[in-house]
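To start, the structure itself, in structure tokens.
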Amino acid sequence: MTKITAAISAVGKYVPEYVLTNKELETYVETNDEWITSRTGIKERRILKGEGLGTSYMAIKASEDLIKKSNLNPKEIDLVIVATATPDLMVASTAVYVATEIGATNAFAYDLQAACSSFLYAMSTASSYIESGRYKKVLVIGADKMSSIIDYTDRATCIIFGDGAGAALFEANTEGLGLQDEYLRSDGIGREFLKIAAGGSILPPSLETVKNGQHFVRQEGKTVFKYAVSNMAAVSEKMLERNNLTEKDIQWLVAHQANKRIIEATAKRVGVHSDKVMMNIHKYGNTTSATLPLLLADYEKELKKGDNLIFAAFGGGFTWGAAYLKWAYNS
Ligand code: UT7
């Protein structure tokens, strides 16, 4: 029997129009363009403006872009997963609303939350359904409206994050293309270093929590940085070793865009040259669940059938991992 693998057959993207520059941030907090650029690689990020617009707005737009480009009939989609840390609502899945709005009326849908690793974990979920033969077309959308949980008086977080969405369609492949291997990890030690303290079941929202700004995301940047550098590099290296790959076999490193220095450290550890490292952090910042699919959409034209891609991500929780995927089409 022919082995079924799960391949990405189409991608789409959406970023909001509003550009938040380092210069504008200088008017909010004690910071400067030079510091932000040298410490993070970020020059600007996109922000979703407009009352009543949440993460679903961007997820729908990214999906519509994918549907239009690939001529996909949304009725053929079996499952929609929205990977996000900023759902529209605490209860009532964002993915369900997105599926209905894009016309995926034969699909079921749910959200997947693993902070900045959400999309990587969702790739695993989508691929497992497809490899098992249970479903044929799974749409995975990574989308986050980070501006909804940012305190724009906190320079430790406001300079980093941006809004955006990317989408990828996973389908069965019989040529051996698509997901080859993955190594996914998590460690609850990370809970204290990157979190939103209030609004969940431990500390429900109250006037007090809002007054204290506990509904905003906070991070101990230095600690998260150290864990991110060592763990992302280690799992990426493992992907190469376990699959008998050398850096010459790798066409692209698709790493979570949290900090240019973290991405460069990962690339160095696996020996991949900088021109093989996908990078868009300078224009979007850290869009959490959206960074990986946004990279795929931005680099789609340069990707060739059979290219070997190493994915790597690290996020709050902690959550992290790497995956090895063979690209399945020329665009
Ligand atoms: O997405 C997944 C998870 N997130 C991450 O992976 C993010 C990981 N962390 C980072 O990317 C970095 O830690 C940051 C970009 C957040 C911070 O960079 P850093 O090199 O770790 O800076 P730092 O926090 O050690 O601060 C260095 C100095 C400090 O001054 P002193 O104590 O040396 O005088 C800070 O007070 O820079 C100061 N500083 C700033 N200066 C200007 C901190 N934030 C800023 C700022 N502008 N925005």
Would you sort out whether Ile159 and Thr40 count as a side-chain contact (heavy atoms from CB on, under 4.5 Å), showing the intermediate values? CA-CA 9 Å; Ile159 55 138; Thr40 70; 4.1 Å; yes
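- For the residue pair Gln214/Thr209, the side-chain donor-acceptor check at 3.5 Å is not satisfied.
- Asn280 and Asp298 are linked by a side-chain donor-acceptor pair at a separation below 3.5 angstrom, with hydrogens and angles left out of the test.
- Between Phe108 and Tyr135, the ring centre distance stays below 6.0 Å.
- Here the OG1 atom belonging to Thr291 is positioned 6.5 Å from the CG atom belonging to Asn286, to the nearest 0.5 angstrom.
- Surrounding CZ of Arg134 are at most 12 heavy atoms belonging to other residues, nucleotides or ligands under 6.0 Å away.
- Salt-bridge annotation for Lys305 and Glu175: present, with a side-chain N of the basic residue lying under 4.0 Å from a carboxylate O of the acidic one.
- Side chains of Thr157 and Asp154: a donor-acceptor N/O pair is present below 3.5 angstrom, by distance only.
- The 12-atom threshold is exceeded at NZ of Lys69, counting heavy atoms of other residues, nucleotides or ligands nearer than 6.0 Å.
- Each of Met90 and Leu112 belongs to its own hydrophobic cluster when Ile, Leu, Val, Met, Phe, Trp and Tyr are linked at side-chain heavy-atom distances under 4.5 angstrom.
- The two atoms that bring Val229 and Ile262 nearest to each other are CG2-CG1, 4.0 Å, heavy atoms only.
- By the 30° and 60° cut-offs, the orientation of the rings of Phe119 relative to Phe170 is tilted.
- Using a 4.5 Å cut-off on side-chain heavy atoms (C-beta onward), Met58 and Pro16 make contact.
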Given Thr125 and Tyr110, is the side-chain contact (heavy atoms from CB on, under 4.5 Å) satisfied, shown in steps? CA-CA 12 Å; Thr125 309; Tyr110 57 86; 3.3 Å; yes
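- Side-chain atoms of Glu300 and Ser331 form no donor-acceptor pair, as typed in the model, at a separation below 3.5 Å.
- Tyr183 places a side-chain heavy atom less than 4.5 Å from the side chain of Arg242.
- Summarising the local packing, OH of Tyr97 is surrounded by 12 or fewer heavy atoms from other residues, nucleotides or ligands at distances under 6.0 Å.
- The shortest distance between side-chain heavy atoms of Asn330 and Lys304 falls below 4.5 Å.
- Rounding to the nearest 0.5 angstrom, the gap separating the CD atom in Gln180 from the CD1 atom in Ile310 is 10.0 Å.
- Contact annotation: the side chain of Cys158 approaches that of Leu25 to within less than 4.5 Å [non-hydrogen atoms, C-beta and beyond].
- With a 4.5 Å cut-off on side-chain heavy atoms, Tyr152 and Leu20 count as touching.
- Residues Val270 and Ile250 fail the side-chain proximity criterion, which asks for heavy atoms closer than 4.5 Å.
- When only modelled atom types and interatomic distance are considered, Lys43 and Asn22 share no side-chain donor-acceptor pair under 3.5 Å.
- With hydrogens and angles left out, the side-chain atoms of Lys238 and Tyr324 include no donor and acceptor closer than 3.5 Å.
- Looking at Asp88 and Ser56, their side chains do bring a donor and an acceptor atom within 3.5 Å of each other.
- Gly164 approaches Val15 most closely through the heavy-atom pair CA-CG1, 4.4 Å.
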Between Tyr329 and Trp327, is the ring-ring contact (aromatic ring centres under 6.0 Å, His included) condition met? List the steps. CA-CA 6 Å; Tyr329 65 95; Trp327 195 248; 5.0 Å; yes
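- Side-chain contact annotation: Thr55 with Thr86, donor-acceptor N/O pair under 3.5 Å present.
- Checked by atom type, the side-chain pair Thr287/Asp144 shows no donor-acceptor distance below 3.5 Å.
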Output, in order, the C-alpha distance, side-chain angles, deciding distance and verdict of side-chain contact (heavy atoms from CB on, under 4.5 Å) for Leu169 and Ile8. CA-CA 5 Å; Leu169 185 70; Ile8 294 176; over 6 Å; no
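- Taking all atoms of both residues into account, the shortest heavy-atom contact from Ala255 to Leu292 is C-CD2, 3.7 Å.
- Contact of the Glu264 side chain with the Val277 side chain is not registered, since no non-hydrogen atoms from C-beta on lie closer than 4.5 Å.
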